[in-house]
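Throughout, protein chains are lettered first and strands after them, A, B, ... in sequence-line order, and every chain is numbered starting at 1. Values below: every heavy atom of this structure, side chains too, minus hydrogens, waters and symmetry copies. This is a predicted model, so every value here is computed, not measured.
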Amino acid sequence: MIGLSHFLVVSAVLFVLGLLTIATRRNAVGRLMGVALLVNAAGINLVAFSHYGHGTLTGQIFTLFILLGAASQTMLAVAIIHAVGAQPPDAGALIKGP
Amino acid sequence: MFSPSAAAFYALAAMVLMGATGVALARNLLHAALCLLSTLVGTAGLYLFMGADFLGVAQLLVYGGGILVLLLFAVLFTARTDEARLSSRGRGRERFLRGLTLLAAGAASLALAVLITRAPFPLTEPVAAPTTARLGDAFLREYLLPFQLSSLVLLTALIGAMRLSRPAPQAP
């Protein structure tokens with residue numbers, strides 16, 4: 001019988017793998033993939049508790065908000081990587097502004 | 001041996017974890033992105049397994065259709081996708097540190113798994129019912145303010161991304 005702890009173990013291992021990705025990658029895009037793994041681990045945890053713990057939908061609602069945050073975060077991060085990569089000698093201007 | 005639902009769960013969990021291992025360890029960033037696809041689809045499957053039908057489909061659309069494509073574009077735009085090059089002088093130390101990190105990750109996973117299986121959680125019997133209508137109700141009643149604020153967050157991120165990716169304006 002599959003229970004809550006099965007999902008929690010999957011999510012814990014996924015979280016550790018995400019941390020490992022962030023720790024070992026040199027590339028900003030690779031680290032972004034690690035962040036995606038962390039977000040997925042958190043989502044699995046929330047939905048599992050919502051399903052087995054209470055029977056309410058609060059966990060699913062929070063996971064949807066997390067999904068939204070992850071989408072906007074990835075969008076901004078890719079834009080920043082693109083902007084920094086487009087002008088390597090003067091990356092400081094990105095922070096200081098034109 | 002296994003009941004069908006247990007077999008489905010283990011297949012999905014293997015998909016998620018093998019994909020994540022690939023993301024963490026693949027040398028080529030393009031391969032890592034393709035492994036990430038396996039993790040994301042497996043996570044959507046786990047959501048469906050837990051009766052979260054709307055969330056599973058939203059995960060597929062937003063992650064598989066949006067974020068992954070964005071990451072693939074980012075990988076393809078950056079010229080160097082190969083991470084295998086290490087400086088020759090720090091090679092042994094580099095490998096040692098890598099092994100140490102892998103060992104720490106394994107120990108952390110093991111400790112968390114033991115902790116989770118020992119912890120007592122107050123459980124109720126799970127019910128499987130369609131969630132989409134109830135989610136919509138919740139978003140338009142008790143979570144109305146966060147729902148509207150999240151649209152503002154998305155709009156701000158959109159404008160910010162457009163401003164960032166535009167070339168800097170020339171001073172007259």
Side-chain angles (χ1 to χ4, degrees), chain A residues 1-10 12-14 16-21 23-27 29-30 32-34 36-37 40 43-44 47-48 50-55 57 60-61 63-65 67-76 78-83 85-87 93-94 98, chain B residues 5-6 9 13 16-17 20-21 23-24 29 32-33 36 39-40 43 46-47 50-52 55 58-59 62 66-67 70-71 73-75 77-78 83 98 101-102 105 108-109 112-113 116-117 121-124 126-127 131 134-135 138-139 143 146 150 153-154 157-158 160-161 164-165 168-169:
Chain A
M1 183 62 196
I2 300 300
L4 173 64
S5 53
H6 289 78
F7 287 99
L8 295 190
V9 169
V10 170
V13 177
L14 191 59
V16 170
L17 282 170
L19 283 183
L20 183 67
T21 309
T24 55
R25 289 259 175 226
R26 306 271 177 78
N27 196 312
V29 183
L32 218 52
M33 289 179 198
L37 291 187
N40 270 295
I44 290 178
V47 178
S50 154
H51 185 56
Y52 289 101
H54 298 288
L57 283 182
Q60 293 192 28
I61 289 168
T63 311
L64 277 170
F65 281 126
L67 212 64
L68 185 139
S72 43
Q73 164 245 345
T74 311
M75 180 162 72
L76 279 179
V78 170
I80 288 173
I81 290 168
H82 184 74
Q87 31 184 304
L94 188 73
Chain B
S5 72
F9 170 78
V16 169
L17 293 183
T21 313
V23 173
L29 263 185
L36 187 63
T39 300
L40 298 178
T43 308
L46 284 182
Y47 287 162
M50 287 185 274
L55 194 54
Q59 159 94 5
V62 174
I67 294 181
L70 207 59
L71 283 176
F73 267 117
V75 168
F77 271 133
T78 55
E83 284 208 329
R98 196 176 165 81
T101 320
L102 281 179
S109 316
L112 278 175
I116 286 167
T117 44
F121 291 115
L123 296 184
T124 56
V127 286
T131 59
R134 286 195 291 154
L135 274 178
F139 270 128
Y143 295 97
S150 67
V153 168
L154 270 183
L158 190 66
L164 277 173
S165 55

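Minimum interatomic distance between B:V75 and A:M33 (heavy atoms only, all atoms of both residues): CG2-CE, 3.8 Å. When all heavy atoms are compared, the tightest approach of A:H51 to B:M50 is ND1-O, 3.0 Å. Heavy atoms only, all atoms of each residue included: A:A71 and B:V62 are closest at CB-CG1, 4.2 Å. Residues B:R134 and A:L57 approach most closely at CB-CD1, 3.3 Å, considering heavy atoms. When every heavy atom of A:L76 is checked against every heavy atom of B:A157, the shortest pair comes out as CD2-O, 3.6 Å. Between A:I44 and B:Y47 the shortest heavy-atom distance is N-OH, 3.6 Å.
Interface remark: of the candidates B:S165, B:A52, B:S5, B:A13, B:A52 forms the most heavy-atom pairs closer than 4.5 Å to chain A. Between chain B and the options A:A48, A:G69, A:G34, the largest number of non-hydrogen pairs under 4.5 Å is found for A:A48. Per-residue counts of heavy-atom pairs under 4.5 Å with chain A were compared for B:L40, B:I116, B:L36, B:T21; the largest is that of B:I116. Of the listed residues (B:L112, B:V153, B:L135), the greatest number of heavy-atom pairs within a distance under 4.5 Å of chain A belongs to B:L135. In terms of non-hydrogen atom pairs under 4.5 Å with chain B, the most contact-rich of A:V13, A:V10, A:L32, A:I61 is A:I61. In terms of heavy-atom pairs under 4.5 angstrom with chain A, the leader among B:A6, B:A24, B:A105 is B:A24. Contact count versus chain A (heavy atoms, under 4.5 Å) is highest, among B:A33, B:S150, B:G160, B:A108, for B:S150.
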Next item on the list: Begin from the C-alpha positions of A:R25 and B:L29 and carry the test side chain to side chain contact (heavy atoms under 4.5 Å, CB included) through to its verdict.
Entry: CA-CA 10 Å; A:R25 289 259 175 226; B:L29 263 185; 4.2 Å; yes
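Interface residue B:F139: only side-chain heavy atoms are found under 4.5 Å from chain A. Residue contact with chain B, scored on non-hydrogen atoms closer than 4.5 Å, involves the backbone and the side chain of A:F7 alike. Proximity to chain B involves both the backbone and the side chain of A:V9, based on heavy atoms less than 4.5 angstrom apart. Proximity to chain B (any heavy atom under 4.5 Å) is restricted, for A:I2, to the side chain, taken from C-beta onward. For a residue to count as touching a neighbouring chain, one of its non-hydrogen atoms must lie under 4.5 Å from one of that chain's; by this rule B:V23 touches chain A with backbone and side chain alike.
Although no hydrogens or angles enter the test, the distance criterion places no donor-acceptor pair under 3.5 Å between the side chain of B:R98 and the main chain of A:T24.
Side-chain contact between A:L14 and B:T39: present, with at least one pair of heavy atoms (C-beta onward) separated by less than 4.5 Å. Between B:Q59 and A:T63, every side-chain heavy-atom pair lies at or beyond the 4.5 Å cut-off. When side chains are defined from C-beta on, B:I67 does not count as touching A:M75, because their heavy atoms never get closer than 4.5 Å.
Every residue two or more places apart in sequence or in another chain was checked for a side-chain hydrogen bond (donor to acceptor under 3.5 Å, both in side chains) with A:S72, and none qualifies.
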